[in-house]
**Student:** 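There's a structure below that I have some questions on.
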Amino acid sequence: MRSRAKEIASVAKRIVDDVNSLSPEEQRRFLEEIAPELLVKESRPKEFGLPELEGAAEGVRMRIAPNPSGPLHLGHSRMAILNDEYVGRYGGVCICRFEDTDPARVDASAYDSIPEDLGWLGVAIHETVVQSDRFEDYYSVARQLLGAGHAYVCTCKPGDWRELKGSKKPCPHREAATSEQLSMFDKMFDGTFGQEEAALVVKTDLQHPNPALRDFAALRIDDTPHPRTGSRYRVYPLMNLSVAVDDHALSLTHVLRGKDHLNNTYRQEYIFDYMGWSKPKYVHYGRVSIQDAQLSTSRMAAGIADGRYSGWDDPQLGTLAALRRRGVMPEAIRRYWVEAGLKEVDIEFSWKTLYSFNKDIIDDSAGRYFFVDDPVGFLLLDFPDMTARAPLHPAHADRGSRDIRVSSGSSLYLSGSDVSRGERRLRLKDLCNVVVEGDALRYDGNDLAVLKEGVQIDHWAPQDAVPAEVLMPDGGVRKGLAEHGLSSAEGTVVQLERFGYARVEQTSPAIRCVFTHR
RNA sequence: GCUCCCGUAGUGUAGUCCGGUCAAUCAUUCCAGCCUUUCGAGCUGGACACCCGGGUUCGAAUCCCGGCGGGAGCACCA
């Protein structure tokens, strides 16, 4: 219909003109006769969260299809979460399918790290399939396509073949007889051809106006040893063959994928049609651009190799391992992607929004501690012996307090950035008021009314504070002093007051935290 | 060059299919006020959007046409 829009428009205009020549009353009367249901306006219930999936009422079978070339990162988490959300909503099965059909792009450790990452995300995997176990299935379908005249073995140079395609011309092998095709196909396996000397190509329509949809390669020869199958196989499927075969074999009902795969979907549909298979429903969502994050597997690997990054969980990286290490909760990531939905528009990722969601989750359980960055020591003058009773959490008095003893003649530390403000009077949080006298602090009572006069509150660290460092997402390290109590918070996410949230990763021999966000 | 997809506040989203209840939702962000102990916390309030131009209509975010803008694909990667 779309291609005949102009015709339709003129027909429609004629009809509309007819209808518009009637008065509103006549129109209504006429409509009551032919289609009274249209007079009743449907009320549309307001939808929350993800939109419904068409045809999902009976349950769904969906898949997450990672390429095992490295650990999962923030970008990958979107499809994992969305699939999991739908499987959870409608009931059904979520399959993890490793798409390892390019031997050069397989990192064996990813077969373990990806399920770990998915587990941490809270994504339930019911079945696992590895494509490199399934070569014979791909060969079998390829042979059927060949036998039915829907494919050919092409021995052109790839560039030549591409050029012919571009000008809508068949290559010399396209129309060869089926028997010849099948014997050429056998030769792909027996060593007759080297890499790029022969490929199986699926026929579509060489006259297709969309150049991306004219004949596509489906099987190729590659002598790179595969981490799982070694050199047992040298004929590898390209994604459009293996994905189509497996989506059918796994009886998927719905496929969620990025819209960069839109043309691949169309290509795969040719295979479904040729084989007489019924297709899953496809949903294409837009691209996400994630600023300020290193997500390129190859660049991350290079950075790890040259020491710029400490590993896949370096806080500078956008991997799930790094986010986990920093104290970002999987629930925050889930909420983010659910709110982003799966529209076809391209979107820009917002760290601020993710951090805000994460804060909602961690704030209630995060114990409060003093951490003084870039510490500057001050002598205490005229201090009575006193004990700061700083609440572990201001909203939960029942969790108790950090009791820190301070006495005259001892010293304490303020953060360099606070000192540089040059205030004369300060309130030490949860302790008392002071007057700054050079490199000393003189006790100035404990009346909270000074806050009304605009006196600032600073956090501090006592004389017996312990060294601590915080690894920052920009690769920096903030060194400072923390109150003793932080040593007992290992493994938890805390709020370093006025500094930000951080995960306490290690407390011995020294305290090391990884910064979460402000 | 060819093909396809998509344009609602800074960001994400609801509404678009089926025109009116939309001077447009919610979240985040930003700003202000409140709060006698942190906060970037909480509460209250505020700011900011229908890409542009025509058309149809009593009425257009919504339908039509034309622009403009953004993205993707045209791999023997996925």
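Predicted model only: the values in this text are computed from it and were never measured.
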**Student:** Between B:C77, B:G12, B:G71, which one does the side chain of A:L238 approach most closely?
**Tutor:**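 Closest nucleotide among those given: B:C77.
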**Student:** Between B:C5, B:A78, B:G73, spot the one nearest the side chain of A:N263, thanks.
**Tutor:**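 Closest nucleotide to the A:N263 side chain: B:G73.
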**Student:** Does the ring of A:Y111 carry A:R228 above it, NZ/CZ under 6.0 angstrom from centre and within 45° of its axis?
**Tutor:**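 Yes, A:R228 lies over the aromatic ring of A:Y111.
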**Student:** In whole angstrom, give the distance that lies between atom CZ of A:R257 and atom P of B:C5.
**Tutor:**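 Distance check: A:R257 CZ to B:C5 P gives 16 Å.
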**Student:** Do the side-chain N or O atoms of A:R335 get closer than 4.0 angstrom to the phosphate oxygens (OP1, OP2) of B:G12?
**Tutor:**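 For A:R335, the contact criterion (side-chain N or O under 4.0 Å from OP1 or OP2 of B:G12) is not met.
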**Student:** Can you confirm whether A:L213 sits close enough to A:N263 that some side-chain heavy atom of one is under 4.5 Å from a side-chain heavy atom of the other?
**Tutor:**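 A:L213 reaches A:N263 side chain to side chain.
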**Student:** With side-chain hydrogen bond (donor to acceptor under 3.5 Å, both in side chains) as the test, would you mind laying out the steps for A:H284 and A:R257 before giving the verdict?
**Tutor:** CA-CA 5 Å; A:H284 298 91; A:R257 54 187 356 186; 4.8 Å; no
**Student:** When you measure from the side chain of A:I347, which nucleotide among B:U3, B:A72, B:U13 comes out closest?
**Tutor:**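 Ranking B:U3, B:A72, B:U13 by closest atom to the A:I347 side chain puts B:U13 first.
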**Student:** Could you check which of B:C76, B:G12, B:U3 has an atom nearest any side-chain atom of A:P158?
**Tutor:**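 Per side-chain heavy atoms of A:P158, the pick is B:C76.
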**Student:** Centroid-to-centroid, A:F370 to A:F499, below 6.0 Å?
**Tutor:**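 No, ring centres 6.0 Å or more apart.
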**Student:** If you look at every strand shown and take non-hydrogen atoms under 4.0 Å, does A:N264 touch a base, only sugar-phosphate, or nothing?
**Tutor:**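 Base, at least one base heavy atom under 4.0 Å.
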**Student:** Side-chain N or O of A:K343 versus OP1/OP2 of B:A14: is the shortest distance under 4.0 Å?
**Tutor:**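 Answer yes for this pair, as a side-chain N or O of A:K343 is under 4.0 Å from OP1 or OP2.
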**Student:** In this structure, how many angstroms lie between the C1' atom of B:C76 and the NZ atom of A:K165, rounded?
**Tutor:**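 These atoms are roughly 11 Å apart.
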**Student:** Students often get this wrong, so: under 4.0 angstrom with heavy atoms, is A:D430 touching a base, only sugar-phosphate, or nothing?
**Tutor:**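 Base contact - A:D430 has a heavy atom under 4.0 Å of at least one base atom.
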**Student:** Between B:A78, B:C6, B:C39, spot the one nearest the side chain of A:V345, thanks.
**Tutor:**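 Among B:A78, B:C6, B:C39, the one nearest the side chain of A:V345 is B:C6.
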**Student:** On RNA chain B, does the nearest nucleotide to A:D346 precede the nearest nucleotide to A:E339 from the 5' side, or the other way round? Give the residue.
**Tutor:**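 Nearest-nucleotide comparison on RNA chain B picks A:E339.
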**Student:** Measuring from the side chain of A:E344 (C-beta onward, heavy atoms only), which nucleotide among B:C6, B:U37, B:C76 has the closest atom?
**Tutor:**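 Among the listed nucleotides, the one closest to the side chain of A:E344 is B:C6.
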**Student:** With rounding to whole Å, what would you report as the distance between B:G66 and B:G71 at their P atoms?
**Tutor:**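 These two P atoms come out 23 Å apart once rounded.
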**Student:** NZ of A:K359 versus P of B:A41: gap in Å, rounded?
**Tutor:**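 Atom NZ in A:K359 sits about 5 Å away from atom P in B:A41.
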**Student:** For A:L262 and for A:R162, find the nucleotide of RNA chain B with the closest heavy atom, then tell me which residue's nucleotide is more 5'.
**Tutor:**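 Nearer the 5' end of the strand: A:L262.
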**Student:** Base, sugar-phosphate alone, or nothing: which one does A:Y336 contact when heavy atoms must sit under 4.0 Å apart?
**Tutor:**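 Answer is nothing: A:Y336 stays at 4.0 Å or more from every strand.
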**Student:** Just the rounded figure in Å: distance from P of B:C39 to CG of A:L496.
**Tutor:**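 Distance check: A:L496 CG to B:C39 P gives 16 Å.
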**Student:** NA contact type, A:T101, heavy-atom cut-off 4.0 Å: base, sugar-phosphate, or nothing?
**Tutor:**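 Sugar-phosphate only.
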**Student:** A:I114 CD1 to B:A78 P: how many Å, rounded?
**Tutor:**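 The answer, rounded to whole Å, is 15 Å.
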**Student:** Determine the contact category for A:R389: base if any of its heavy atoms lies under 4.0 Å from a base atom, sugar-phosphate if only primed atoms, P, OP1 or OP2 are that close, otherwise nothing.
**Tutor:**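 Result for A:R389 = nothing.
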**Student:** Nearest of B:C76, B:A41, B:G73 to any side-chain atom of A:D363?
**Tutor:**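 Nearest to the side-chain atoms of A:D363, counting from C-beta on, is B:A41.
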**Student:** To the nearest Å, how far apart are A:E348 CD and B:U28 C1'?
**Tutor:**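 It works out to 14 Å between those atoms.
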**Student:** With the side chain of A:R518 defined as its heavy atoms from C-beta on, choose the nearest nucleotide among B:U37, B:G40, B:G73.
**Tutor:**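 Among the listed nucleotides, the one closest to the side chain of A:R518 is B:G40.
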**Student:** Quick check: A:Y139 with A:F189 (ring centres under 6.0 Å apart)?
**Tutor:**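 Centroid separation for A:F189 and A:Y139: below 6.0 Å.
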**Student:** Could you check, using the six-membered ring where one of them is a Trp, whether A:F349 and A:W337 have ring centers closer than 6.0 angstrom?
**Tutor:**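 Ring centres of A:W337 and A:F349 closer than 6.0 Å.
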**Student:** Base, sugar-phosphate alone, or nothing: which one does A:Q495 contact when heavy atoms must sit under 4.0 Å apart?
**Tutor:**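 If one applies the 4.0 Å heavy-atom cut-off, A:Q495 turns out to touch a base.
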**Student:** Whole Å only: how far is the CD atom of A:Q291 from the P atom of B:U29?
**Tutor:**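 A:Q291 atom CD is separated from B:U29 atom P by 19 Å.
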**Student:** Can you measure A:L354 atom CG to B:G12 atom C1' for me and round it to whole angstrom units?
**Tutor:**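 The distance from CG of A:L354 to C1' of B:G12 comes to 12 Å, rounded to the nearest Å.
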**Student:** Please measure how far the P atom in B:G15 lies from the corresponding atom in B:G7, and state the result in whole Å.
**Tutor:**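 Between the two P atoms, the distance is 12 Å.
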**Student:** Indicate, with a heavy-atom threshold strictly under 4.0 Å, whether A:C432 touches base, sugar-phosphate, or nothing.
**Tutor:**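 The residue A:C432 makes no contact with any strand.
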**Student:** Measuring from the side chain of A:K259 (C-beta onward, heavy atoms only), which nucleotide among B:G70, B:C2, B:C76 has the closest atom?
**Tutor:**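 Between B:G70, B:C2, B:C76, the one nearest the side chain of A:K259 would be B:G70.
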**Student:** Which of the following nucleotides, B:C4, B:U28, B:C76, is nearest to the side chain of A:A199?
**Tutor:**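 Of the options given, the side chain of A:A199 lies nearest B:C76.
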**Student:** Between A:Y501 and A:H517, does the ring centroid distance fall short of 6.0 Å?
**Tutor:**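 Yes, ring centres under 6.0 Å apart.
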**Student:** Is A:P237 touching bases, backbone alone, or none of the nucleic acid, heavy atoms closer than 4.0 Å?
**Tutor:**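 Sugar-phosphate contact only.
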